[in-house]
Amino acid sequence: MSYRYLILGADGQLGSELRSLMAQAQVHDAPVTYAYADYEECDVTDADMVAQYFSEHERFDAVFNAAAYTAVDDAEGRPDKAMMVNAVGAAHVAAACREKGSRLIHFSTDFVFGDGHNFPIDELAEPEPLSVYGSTKLVGEQLAMQNHSATAVLRTSGLYSRWGSNFLRSIASHARDKERIEVVDDQFISPTPTTTLARAALELANGPLFMGGVYHASSHGECTWFEFAQAIVEGLDINAEVVATTSEKWGAPAQRPEYCVLDNRRLRLMGLDTFGDWEEELSAFLGEHGDLI
Ligand SMILES: NC(=O)c1ccc[n+]([C@@H]2O[C@H](COP(=O)([O-])OP(=O)(O)OC[C@H]3O[C@@H](n4cnc5c(N)ncnc54)[C@H](OP(=O)(O)O)[C@@H]3O)[C@@H](O)[C@H]2O)c1
């Protein structure tokens with residue numbers, strides 16, 4: 001028996017990681033087969049295209065929906081676009097998974113939370129998004145779960161990888177170009193590598209008892225974006241000064257929560273929390289992939 005998976009949003013950073021993982025994965029000692037698609041093959045905003053894609057392919061055991069509109073600041077000026085991809089798109093994918101009897105792993109964000117938190121946030125906390133991006137991701141979570149009961153939503157934080165655009169790669173590139181970079185020091189996150197997230201998602205998808213609902217899935221511990229940037233610059237041995245600034249001075253179009261560190265309570269209770277401390281995860285990542293960054 002072999003396990004069949006589909007990765008949507010396959011050209012993004014998490015989609016690329018999932019593809020890389022599936023290429024080598026074995027599940028219950030059986031090989032894995034997988035299909036993958038981005039916009040061109042399966043635009044999640046197009047209900048007919050999604051339905052047709054699913055009807056043209058043999059049934060998938062699990063679908064990993066990494067398709068998303070992730071430009072947090074740009075989303076403020078493009079709420080309809082963000083809503084179509086992050087919310088309506090999630091509903092289309094969930095409906096197709098329900099029709100075919102496939103488990104759905106849908107990805108979401110710590111930016112569904114608002115202010116007022118000061119210790120790691122578990123899955124029981126009430127979301128209160130501050131941005132268009134966060135609001136559309138929250139609606140996407142709800143629509144995915146309403147349309148298909150076998151949906152697990154994995155909320156993560158500060159995602160980085162060797163692919164695509166992410167905070168780690170932009171800091172490395174700016175720090176190499178400039179002697180001094182400014183980074184906000186009043187927003188707390190838990191930087192998470194796509195490698196650990198992809199493995200956790202696969203593990204959850206293959207459990208003998210699949211439990212839907214929301215899961216928090218991020219590295220342990222916490223830091224500000226400034227501290228994360230400092231650790232990146234030091235880890236890559238880049239000769240640049242990292243200077244702390246405030247969100248107010250930075251003036252990004254989208255408001256972000258001051259504290260959105262996640263507590264992986266559900267994964268931990270199920271014995272599936274394989275995430276490590278963020279600093280150890282970062283150092284392992286830079287040790288393996290630092291020369292490609
Ligand atoms: N990045 C982070 O720091 C972070 C933090 C917390 C949670 N997350 C969540 O983690 C998940 C993966 O994020 P990521 O960083 O891998 O995002 P990403 O790199 O931006 O990848 C998203 C992919 O989805 C594609 N896409 C956009 N619209 C689509 C559509 N209509 N149909 C099909 N594909 C479409 C994008 O294509 P284009 O690039 O061509 O638009 C891109 O290839 C998302 O759910 C995100 O909300 C990310």
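For the numbers below, each heavy atom of this structure counts, side chains included, while hydrogens, waters and symmetry mates do not. Numbering of residues begins at 1 and proceeds along the displayed sequence. Just so we're clear, the structure is a prediction, and the values are computed from it rather than from any experiment. Indexing begins at 1, ligand by ligand and atom by atom, following the structure's order.
Contact annotation: Asp11 has at least one heavy atom less than 4.0 Å from an atom of ligand 1. Residue contacts with ligand 1 include Ser108, since one of its heavy atoms falls under 4.0 Å from the ligand. For the ligand labelled ligand 1, residue Val85 lies inside the 4.0 Å heavy-atom shell. Heavy atoms of Tyr39 come nearer than 4.0 angstrom to ligand 1 in at least one pair.
Residue Gln13 approaches ligand 1 through these ligand atoms, each under 4.0 Å from one of its heavy atoms: 1 (N), 14 (P), 15 (O), 16 (O), 19 (O). Set against the non-hydrogen atoms of Leu14, the atoms of ligand 1 under 4.0 Å away are 12 (C), 16 (O). The contact set between ligand 1 and Leu159, taken as ligand atoms under 4.0 Å from a residue heavy atom, comprises 1 (N), 2 (C), 3 (O), 4 (C), 5 (C), 10 (O), 48 (C). Those atoms of ligand 1 that come under 4.0 Å of a heavy atom in Phe107, given as number and element, are 11 (C), 45 (O). Listed by atom number, the atoms of ligand 1 under 4.0 Å from Cys42 heavy atoms are 32 (N), 33 (C). Interface atoms of ligand 1 facing Thr45, defined by a heavy-atom separation under 4.0 Å, are 31 (N). The distance from ligand 1 to the heavy atoms of Val44 drops below 4.0 Å at these ligand atoms: 30 (C), 31 (N), 32 (N), 33 (C). Ligand 1 places these atoms under 4.0 Å from at least one heavy atom of Asp43: 30 (C), 31 (N), 32 (N).
Ring geometry for Phe60 against Phe54 counts as perpendicular: the plane angle is over 60°, on a 0 to 90° scale with 30° as the lower cut. Aromatic ring pairs are classed by plane angle as parallel below 30°, tilted from 30° to 60° and perpendicular above 60°; the pair Phe285 and His289 is tilted. By the 30° and 60° cut-offs, the orientation of the rings of Trp225 relative to Phe228 is tilted.
Looking at atom 25 (C) of ligand 1, its nearest protein heavy atom turns out to be Asp38 OD1, 3.6 Å. What sits closest to atom 6 (C) of ligand 1 on the protein, heavy atoms only, is Thr156 O, 3.3 Å.
Of the polar atoms of Asp110, none of the N or O atoms is found under 3.5 Å from an N or O of ligand 1, judged by distance alone. The N/O atoms of Tyr133, backbone and side chain alike, include one that comes under 3.5 Å of an N/O atom in ligand 1. Taking only nitrogen or oxygen atoms, main chain and side chain alike, Thr70 reaches within less than 3.5 Å of ligand 1. The distance criterion of under 3.5 Å between nitrogen or oxygen atoms is met by Ala68 with respect to ligand 1.
A salt bridge links Asp263 with Arg268: the distance from a Lys NZ or Arg NE/NH1/NH2 to an Asp or Glu carboxylate oxygen falls below 4.0 Å. Ion pairing of Asp73 with Arg256 is present here, as a side-chain N (NZ or NE/NH1/NH2) and a carboxylate O approach within less than 4.0 Å. At a threshold of 4.0 Å, the pair Arg155-Glu141 counts as salt-bridged, since one of the basic side-chain nitrogens sits closer than that to a carboxylate oxygen.
Looking at Lys137 against ligand 1, only its side chain comes within 4.0 Å, counting heavy atoms. Of all the heavy atoms of Ser165, none lies under 4.0 Å from any atom of ligand 1, so neither backbone nor side chain is involved.
With hydrophobic clusters built from ILVMFWY side chains whose heavy atoms lie under 4.5 angstrom apart, Leu21 shares a cluster with Leu272. Note on Leu209: it clusters hydrophobically with Leu154, by side-chain heavy-atom contacts below 4.5 Å among ILVMFWY residues.
For atom 35 (C) of ligand 1, the nearest non-hydrogen atom from the set Ala66, Cys260, Gly140, Ala67 comes from Ala67. When the options Ala90, Gly158, Gly12 are ranked by their closest heavy atom to atom 42 (C) of ligand 1, first place goes to Gly12.
Contacts of Ala175 classified as side chain to side chain contact (heavy atoms under 4.5 Å, CB included), with partners at least two apart in sequence or in another chain: Ile181, Val233, Ile238, Ala240.
With hydrogens and angles disregarded, no donor-acceptor distance shorter than 3.5 Å links the side chain of Asp115 to the backbone of Pro257. Within the 3.5 Å criterion, the main-chain N or O of Ala87 finds no donor-acceptor partner in the side chain of Thr136.
Note: Leu267 CG to Tyr215 OH = 7.0 Å, rounded to the nearest 0.5 Å.
Donor-acceptor pairing under 3.5 Å is recorded for the side chains of Gln52 and Glu56.
For atom 39 (O) of ligand 1, no protein non-hydrogen atom is found at a distance below 4.0 Å.
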Can you list the steps and then say if Asp11 with Arg19 is a salt bridge (Lys or Arg N to Asp or Glu O under 4.0 Å)?
CA-CA 9 Å; Asp11 293 341; Arg19 283 160 60 181; 2.9 Å; yes
